[in-house]
Protein chains: 2
Amino acid sequence: MKWYKIDEVARETGLTKRTLRFYEEIGLIKPPERSEGKFRLYSEEDINQIHNVILAREVLGFSLQELQQFLALKETIRKHTESKDEIPPGQLTEIARSLEEQILMLEKKINRMQSFKNELNELLTHLHETIPTKEE
Amino acid sequence: MKWYKIDEVARETGLTKRTLRFYEEIGLIKPPERSEGKFRLYSEEDINQIHNVILAREVLGFSLQELQQFLALKETIRKHTESKDEIPPGQLTEIARSLEEQILMLEKKINRMQSFKNELNELLTHLHETIPTKEE
DNA sequence: ATAAACGTTGACGTTAACGTAAACTTTATT
DNA sequence: AATAAAGTTTACGTTAACGTCAACGTTTAT
């Protein structure tokens with residue numbers, strides 16, 4: 001198994017070393033292994049998880065706190081569907097409801113962005129009409 | 001013409017009075033009229049502009065600085081298309097390019113959100129399959 | 001084995017985007 | 001006319017999300 005030190009991970013993910021430590025500190029990413037001394041050693045899976053966090057952060061536009069909640073939700077579901085974890089059906093429906101809520105939120109955002117984009121496109125069209133063409 | 005004081009505008013827009021003054025201070029919204037004393041008096045158009053700012057902020061997820069740039073761009077275009085302002089064609093194409101860039105950015109974001117949403121939907125489907133139905 | 005390079009943990013600094021409180025003025029109400 | 005209610009500016013406070021620096025320990029390279 002190959003291990004990566006923090007600087008490699010930083011360059012790979014585009015985060016800074018500080019941010020990696022910070023995200024670990026607030027529980028956004030799980031603490032990686034350590035060398036005999038104290039060096040952080042990240043596995044490929046760790047790095048994948050970090051990429052997921054980054055993706056979710058960029059896409060959702062949440063605060064890190066909200067992001068934590070969301071990732072915790074996903075983790076719960078992942079563990080459950082891998083049957084590593086049994087969840088009482090009452091909580092399960094609650095979790096499903098939570099997830100549906102997030103999806104609806106996303107859909108709303110997407111729709112708003114789409115209509116905003118459409119407006120901008122109209123603006124652009126009008127603008128192009130006012131630009132004189134090269135042919136005379 | 002009807003004028004609105006800051007508190008009404010705050011309740012109407014959902015911003016706080018502080019935020020209204022702050023946005024004015026940093027030039028995100030234009031300074032409204034004033035009463036003979038010093039009270040801010042907003043017109044309906046002012047309020048509309050504020051709503052636009054809020055929409056752009058929510059949809060674009062920009063910092064207020066970036067938002068300023070963007071709104072300035074839109075203003076330039078608006079003034080131009082209303083022919084209140086003549087712009088040399090060189091700058092015009094530059095402006096158009098800027099706008100196209102923003103649109104592409106939006107499109108990218110939308111696509112990412114869409115595929116993220118799709119993932120969540122799959123997750124939800126799998127989750128529902130593990131929930132026992134009411135019939136036995 | 002010793003220096004250079006890299007890592008670690010504090011801890012204080014910074015920036016954006018407001019919140020909050022004070023001291024004062026203007027408008028509305030009785 | 002006087003008091004309350006709402007507004008004004010000024011200025012300091014706060015929170016999130018890191019940046020930066022110091023003092024020190026660990027690996028790697030020579």
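Letters A, B, ... are given to chains in the order of the sequence lines, protein chains preceding strands, and every chain is numbered from 1.
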Rounded off to whole Å, could you give me the [atom1]-to-[atom2] distance for the [X] and [N] pair?
X: B:Leu20; N: C:dC18; atom1: CG; atom2: P; result: 11 Å
X: B:Phe62; N: C:dT15; atom1: CZ; atom2: P; result: 22 Å
X: A:Ile6; N: C:dC6; atom1: CD1; atom2: C1'; result: 11 Å
X: B:Phe22; N: C:dA17; atom1: CZ; atom2: P; result: 7 Å
X: A:Leu28; N: D:dA17; atom1: CG; atom2: C1'; result: 11 Å
X: B:Tyr4; N: D:dG7; atom1: OH; atom2: P; result: 15 Å
X: A:Lys38; N: C:dC6; atom1: NZ; atom2: C1'; result: 14 Å
X: A:Glu25; N: C:dT9; atom1: CD; atom2: P; result: 9 Å

Do any side-chain nitrogens or oxygens of [X] fall under 4.0 Å of OP1 or OP2 in [N]?
X: A:Thr19; N: D:dG19; answer: yes
X: A:Lys5; N: C:dT8; answer: no
X: B:Ser35; N: C:dT27; answer: yes
X: A:Arg34; N: D:dG25; answer: no
X: B:Tyr23; N: C:dC18; answer: yes
X: A:Thr16; N: D:dG19; answer: yes
X: A:Arg40; N: C:dG7; answer: no

Is any side-chain N of the basic residue among [X] and [Y] closer than 4.0 Å to the acidic one's carboxylate O?
X: A:Glu8; Y: A:Lys5; answer: no
X: B:Arg21; Y: B:Glu25; answer: no
X: A:Glu44; Y: A:Lys2; answer: no
X: A:Glu58; Y: B:Lys109; answer: no

Heavy-atom side-chain proximity of B:Lys74 to B:Phe70 below 4.5 angstrom: yes
If you find the nucleotide of DNA chain D closest to B:Phe39 and the one closest to A:Arg57, which residue's nucleotide is nearer the 5' end? B:Phe39
Check: A:Arg18 side chain, D:dT20 base, donor-acceptor under 3.5 Å: yes
